[in-house]
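Some notes on the structure that comes next.
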Amino acid sequence: MCGIVGYLGFQDPKKIIIDGLKKLEYRGYDSAGIAILNDGKTKRVRAAGKIINLEEKLINENFNGHIGIGHTRWATHGAPNEKNAHPHQVGAISLVHNGIIENYLEIKKDLIARGAEIKSDTDSELVAHLVNEEIQVTNNLLLAVQKTLGKLIGAFSIVVMWEKSPNELVAFKDGPPLIVGVGEKENFIVSDVQAALQYTKNFVYLEDREIVHIHNNDLKYYSALGAPLKKQITTVDWNTEQVEKMGFKHYMLKEIYEQPRAVAAAIRPHINTELHSVQMESLGFAKSNSETFKTIDRIMFVACGTSFYAAMLGKYLIEQASGLPVEIDVASEFRYRKPIIPKNTLLITISQSGETADTLAAIRLAKEKGALTLSITNVQRSSIDREAHGHLYMNSGVEIGVASTKAFTSTIALLNVLALQIAKDRGAMTPEQEKNYVVQLLATPSQIEGVLAYDKYFSEAAKKLQTFKGFLYLGRGVSYPIALEGALKLKELAYMHAEGYAAGEMKHGPLALIDASMAIVVVAPTDDLIEKTISNLQEAKARGGKIISIGTGDNKALQSMSEYYLSIPASSWMAHPLISVVPLQLMSYHLADSLGYDVDQPRNLAKSVTVE
Ligand code: AGP
């Protein structure tokens, strides 16, 4: 949450910082601000709301200079207004902050006792006060920041600029990401490489409790205690085209359409397409993949939100394919329930961003307790990826829409491969079965394209769907996590009440909600559970509920009871969720768009949740 851009170089800092902040707006859009230093004076402009509001304020503002910092905020402490927007300025110090200062109340009390005038409700401003106090003593920005760090408790990253020294920036990371972009005679400090990718492909990832001191063209790295560090430059090969909309109305729609390619890219490194067999690339464990999979006794998945629903699917896939027991946990619960992690457990985290604070804390806890860990991430070299013993990559390309789509389907594709590989290594699957599953998995990209062809159908139906008071999403087996994901997409995009349920649970409570204003969205492929699902739907229909169904083939029974029936291609039970989630994504997208909502940046949310 919150996006940071710092710049020191020869170009116009205003342009670079604003362009960078736009790329980071997915991290928060409650307010934005910029501070640029010129001729010994800091000029600061801030605005509540999105970056566009800041840009409007900047139209008539001229900035000179070559150094500045900017911020886009996801509010934690203090309302999302201009007063609380970053950068915060105290004396000659300007500061941007991402994260939470846990001991802020104590710091505030002490600062007030020392006569400080506090202007905002944020924890961030307090850090600027502390640096300002220290700099009066040290007259040295690096030292002032180092001394301040010892007074702060929490998970946070900061970038600090000092009016009296126009050629230096000091940044510190402990928790939320901060990455140094290394250019030619210019340097950047950003929350995500996307913010500087158009200027450089060379980046240095700060680890927790590390400082970077940018002084003219010189970059020096230190531990929080001041010990010099050597850091490696990583070259990132994402191109900037991947972060443009490419003619689509929204990033989310573009990302939905990218799914055939994203799914293919996720599985490509792990499948032998000639033999139709799984051959997972080395995951990076000390032992080979197959030795690892033979010796583990259980898998535990930990994740949040959409990634958690992918983990739920992982349980169905791995347990049924290989017989290996699988547990799943929401990351925010995992570490506080004092989890028991038996010997020979493989703990798998799923995270698109690789930065979700609860998931990161979970993997650290699991390591402390001796578990072997595997991360499934989209963003390579993200905090979670760096923490894990083994690594699997979604390869989805940059996902900008706050609502996750292609990262979800890429993950399900990877979980298919993982389940098949584990089953194969543990002798739970015949070569014929393996071949059959792989053939069906390889067909899913073109089957998803087939579903995307129904896009017009959803955009036309969207207006009619607006009239429903609420939505119940139902599914059984592997379609149950898909129902949960469908309901989440509708909630976060269209702000409508939606719940996901296992179809068999209806009669245990939710049936009481059903009347003619309630839509029941059911994912019901023709499998061995279809008859049971149809019975559940009869119960809902008898009470006036209106049914929207996603089925396979020409399922007459399902069709006759539905207001809307969409037939999608059939596949193996393992791969089918990859296809069945797509209509639910399109439905939520078009419904939200028809209501005029901001699809890419739904209210109150952020793409990367780096606070607990
Ligand atoms: C998805 O649409 C959500 N915006 C959200 O639930 C997301 O999946 C969750 O915050 C986890 O993010 P991660 O995959 O980056 O860890």
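We use all heavy atoms of the structure for the numbers below, so side chains are in, but hydrogens, waters and symmetry mates are not. Read the numbers this way: they start at 1 and go in the same order the structure lists the ligands and their atoms.
- The side chain to side chain contact (heavy atoms under 4.5 Å, CB included) test with L178 is passed by exactly one of V190, V204, V159: V159.
- Between K249 and D593 there is a salt bridge, since a side-chain N of the basic residue sits under 4.0 Å from a carboxylate O of the acidic one.
- Listed by number with element, the atoms of ligand 1 under 4.0 angstrom from any heavy atom of T306 are 1 (C), 2 (O), 6 (O), 8 (O).
- When each atom of ligand 1 is checked for a heavy atom of A403 under 4.0 Å away, the hits are 2 (O).
- Distances from ligand 1 to the non-hydrogen atoms of V402 include at least one value under 4.0 Å.
- Nearest protein neighbour of atom 15 (O) of ligand 1, counting heavy atoms only, is S353 OG, 2.7 Å.
- Here E492 has side-chain heavy atoms under 4.0 Å from ligand 1, and that is the only part of it that gets that close.
- Closest protein heavy atom to atom 9 (C) of ligand 1: C304 O, 3.7 Å.
- Residues Y597 and Y495 bring their aromatic ring centres within 6.0 Å.
- Atoms of ligand 1 lying under 4.0 Å from any heavy atom of S307, numbered from 1 in the order shown and given with element: 8 (O), 13 (P), 14 (O).
- The single protein non-hydrogen atom nearest to atom 10 (O) of ligand 1 is V609 CG2, 4.0 Å, given as residue, atom name and distance.
- For the pair K315 and E319, the salt-bridge criterion is met [side-chain N within less than 4.0 Å of a carboxylate O].
- Atom CD of E333 has 12 or fewer neighbouring heavy atoms from other residues, nucleotides or ligands inside a 6.0 Å radius.
- In terms of protein heavy atoms, atom 12 (O) of ligand 1 is closest to T356 OG1, 3.5 Å.
- With ligand atoms numbered from 1 in the order given, ligand 1 contributes 13 (P), 14 (O), 15 (O), 16 (O) to contacts under 4.0 Å with heavy atoms of S351.
- Counting only distance, with no hydrogens or angles, the side chain of S410 and the backbone of K406 share a donor-acceptor pair below 3.5 Å.
- Put simply, the side chain of Q421 gets close to the backbone of M280: a donor and an acceptor are under 3.5 Å apart.
- For K489, the heavy-atom gap to ligand 1 drops under 4.0 angstrom.
- For H77 and Y104, the gap between ring centers is short of 6.0 Å.
- Residue contact check: S404 has heavy atoms under 4.0 Å from atoms 1 (C), 2 (O) of ligand 1.
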